Amino acid sequence: QQPVQSPQAVILREGEDAVINCSSSKALYSVHWYRQKHGEAPVFLMILLKGGEQKGHEKISASFNEKKQQSSLYLTASQLSYSGTYFCGTEAGANNLFFGTGTRLTVIP
Amino acid sequence: KAGVTQTPRYLIKTRGQQVTLSCSPISGHRSVSWYQQTPGQGLQFLFEYFSETQRNKGNFPGRFSGRQFSNSRSEMNVSTLELGDSALYLCASSFTPGQVTNTEAFFGQGTRLTVV
């Protein structure tokens, strides 16, 4: 039930864009995105609900394709502060989140 | 308001011992989930409690157990520790009155367990 994330790691220069993908084999009610910086707890970014709209949060936005059970996180004009590991969490109606293995994003000057 | 508090932050145990980890959720949150985090495996779901009842359980052996108290605080117990149990254990609390998790989860700082 663990979703699959891709890529596993990406290195960007400041100002570049990135896309992180998350796919599940199960029909989903929601997709959650979290970012974890080294040595810290994961921090919530956004939730996309079934039937909901694409979410945005400054230069970080996400989409949720319910038919394909896929979600993508878009980071535009990346900043150094965007570095961290991004996790998608998928929920298939049982009130528990299954997280992917994460995508390590490194933004360099 | 205070965040999710996990104690202790660090633990070193010997193989075969047992350990109990504690998680105090954000006030008003009745759902507490536990995750095991290891390099390369991401966040592996252990179990979720709501109003003192275990609602969901991940694919972990019976050595991993938990409970939730009436004040929503939760404990996780691992018996007969193995070297492979070394990991960061995270708990997350959320306000989930319904049947789906449509609100954000707040994570604690985790307990780093090392089994030697």
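All values derive from a computational prediction rather than experimental measurement. Protein chains get the first letters and strands the later ones, always in sequence-line order, with residue 1 at the start of each.
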Chain B contact via A/Gln5 - which portion, at a heavy-atom distance below 4.5 Å:
neither
Where on B/Leu90 is there a heavy atom nearer than 4.5 Å to chain A: the side chain, the backbone, both, or neither?
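Answer is side chain: those atoms of B/Leu90 sit under 4.5 Å from chain A.
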Please classify the contact of B/Gln109 with chain A as side chain, backbone, both or neither, using a heavy-atom distance under 4.5 Å.
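When you check distances to chain A, atoms from both the backbone and side chain of B/Gln109 fall under 4.5 Å.
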Would a distance-only check, ignoring hydrogens and angles, find a side-chain to backbone donor-acceptor pair under 3.5 Å from B/Tyr49 to B/Ser74?
no
Taking atom CG of B/Asn59 as the centre, does the number of heavy atoms from other residues, nucleotides or ligands within less than 6.0 Å exceed 12?
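12 or below, so no.
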Tell me whether the rings of B/Phe107 and B/Tyr35 are parallel (<30°), tilted (30 to 60°) or perpendicular (>60°).
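Geometry flag for B/Tyr35 against B/Phe107: tilted rings.
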So A/Tyr34 and A/Phe99, would you call those rings parallel, tilted or perpendicular, with 30° and 60° as cut-offs?
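Answer is perpendicular, since the angle exceeds 60°.
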